[in-house]
Chemist: 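This is the structure I want to talk about, given as C-alpha cells.
Chain letters run A, B, ... following the sequence lines, proteins first, then strands; residues in each count from 1. The analysis underlying the following values was restricted to heavy atoms, covering all of them including side chains, and did not include hydrogens, waters or symmetry mates.
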There are 2 protein chains.
Amino acid sequence: MLRTDITVAIRDAVMYELAEVGYGRLSIEAVARRAGVGKTAIYRRWSNKLEMVLEIVSDVAGRSVPLPDTGSFAGDLQLIMMIVSRALQHRIASQIIPDLMAEAARNPQIADTLQTALRTHQQAVGEKLVGQAVARGELPAGTDPDVAVDLILGPLYWRLAVSRSKPDPAYLEKLMTAVTAALKSAGD
Amino acid sequence: MLRTDITVAIRDAVMYELAEVGYGRLSIEAVARRAGVGKTAIYRRWSNKLEMVLEIVSDVAGRSVPLPDTGSFAGDLQLIMMIVSRALQHRIASQIIPDLMAEAARNPQIADTLQTALRTHQQAVGEKLVGQAVARGELPAGTDPDVAVDLILGPLYWRLAVSRSKPDPAYLEKLMTAVTAALKSAGD
DNA sequence: CCAGGACGTTACGGTTGCGTTCCGCCCTTT
DNA sequence: AAAGGGCGGAACGCAACCGTAACGTCCTGG
C-alpha cells in the first residue's frame, strides 16, 4: 500500500511548486526534491505531470463551498464576497488560480477540469443566491443568475487577482451596493 | 544596422510563441526557429528572455486605446465594452494576457510593466468616462472611477478570459444595463 | 522470523535549452 | 574593388529534466 504521509508530502509540494514556478515550468524533479521524496514515489502514483496536477488540483478545488443562506440577499452577498476575497488573497491560491486559468486556454484537459471544479459550484451558488432573493421579493423575477455571478465574481477577481490591490473594506462595501443596484434593475 | 524585417519577424514570433506555450515555457530557440532566424540575431537585440518579452509586450500594450467620447454615457460604455470584448476574443491576446497576468504574480518586473501599460490607460479611460458622465448629470457626483472600471472590466474579463463563453450580444446588453444601474446608485 | 512492498538513492541515456563562438555568405557603403 | 556589418547555421560546454532501472533499507503482515 502507498504510504499516506508520502502522498500528502507530494501533494503539498505540488501546490507549492505550482505557486512558485507555475504549471509550465513545474518539474517532477523539483516536486520530488521539495517533498523530500524519490521520483519513483511520484511515478508510482501518477504517470505524468498533467495527470498528477489534474488529480491534485481538482481534489482541492472540489472541496465544496457552503451555499449561502443567511436569510437576506444582502447577507448572502456579503458572505460570498467575503469568502471569495479571502480565497483570492490566499498566497498559494492567488498564484495557482490565474496560472491554471491561463494554462487552460491551451490545454483542454485543464480547461475541462477547471470548468467542472469551479463552474459547477459557481452555478449552484448563483442559482441558490438569486433563487432565494427572488423568492423573498428582494430581486425581480427575471434576474439572470449567470449575469449575477459575473457581476459579483468579475470585479472581485479583476481587482484581487489582476490589479492586485489591497483588501480595502470600503471598496467591498461600494461594490456590494453597486452589485445590488445592478441586479435589482435587471427586470427592467 | 539591425535589419528591420528581421526584428519584425522576431517580434511576431515572440507573440505567437507566447500565446502557444506561455512565458514559462517560452524558449529563445523556439522563437528563432519560428522566426526563421539565427539565435545570434536575437541575442544581438536583447540579452535575455525577460528583457526581450518585456520590451516587445510593453510596446504592443502601450499602443493607446482611444478615449471614449460619443456624447452619452450609454454610448461611451457600449464603445468600451465592444473594444474590450473584441480584444479579449482576439486569439493571441486572449492567451497572452492571462498568461502574463499569472506570471506577474511571480515576477515583479513583469508586474510593473503590466501595471504601467494597462493600469495607466485603464485609469485614464475610467476617469474620462466617469468625469464626462458626471458633468452631463448622467451619474451622481460621488461616483468612484475605480469601482466603475472594475464593474465594467471585471465581468467582461471573467466571462471572456476565465469562463470562456461565447460572445453573446444579449449578455452584453444585460451587462450594460446592470452596470449603468450599479453606477447610478453609487451616490446613495 | 521471513517475504513483500514501499521507500530513498544513485545512475543511466536522451532531450532540450542556454548563451557563446566561429564560419562563410551577402548586401551595403565607400 | 574592397571593407564591414548583419545574417543563418553549426557547434560548443553546461545545466536541467525526462522516465526507467537497479540497488539496499526499513516497516509490516503472516
Chemist: List for me each residue that meets side-chain contact (heavy atoms from CB on, under 4.5 Å) alongside B:A32, sequence neighbours excluded, and say none if there are none.
Modeler: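 By the side-chain contact (heavy atoms from CB on, under 4.5 Å) rule, B:A32 matches B:K39, B:I42.
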
Chemist: Give a yes or no answer on whether the side chain of B:R159 reaches the backbone of A:V147 with a donor-acceptor pair at less than 3.5 Å.
Modeler: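 The answer is no, because no donor-acceptor pair under 3.5 Å joins these two groups.
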
Chemist: Can you give one letter per nucleotide of nucleotides 1-23 of chain C, going 5' to 3': B for a protein heavy atom under 4.0 Å from the base, S for sugar-phosphate only, - for none?
Modeler: ----SSBSB-------SBBBB--

Chemist: Assess the side chains of B:D150 and A:Y171: does a donor N or O sit below 3.5 Å from an acceptor N or O?
Modeler: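 Their side chains do contain a donor-acceptor pair, which is all the 3.5 Å distance test asks for.
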
Chemist: Around atom CD of B:Q115, are there more than 12 heavy atoms from other residues, nucleotides or ligands closer than 6.0 Å?
Modeler: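 Enclosed: over 12 neighbouring heavy atoms sit under 6.0 Å from CD of B:Q115.
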
Chemist: Can you name the residues that form a side-chain hydrogen bond (donor to acceptor under 3.5 Å, both in side chains) with A:T116, not counting sequence neighbours?
Modeler: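 A:T116 satisfies side-chain hydrogen bond (donor to acceptor under 3.5 Å, both in side chains) with no other residue.
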
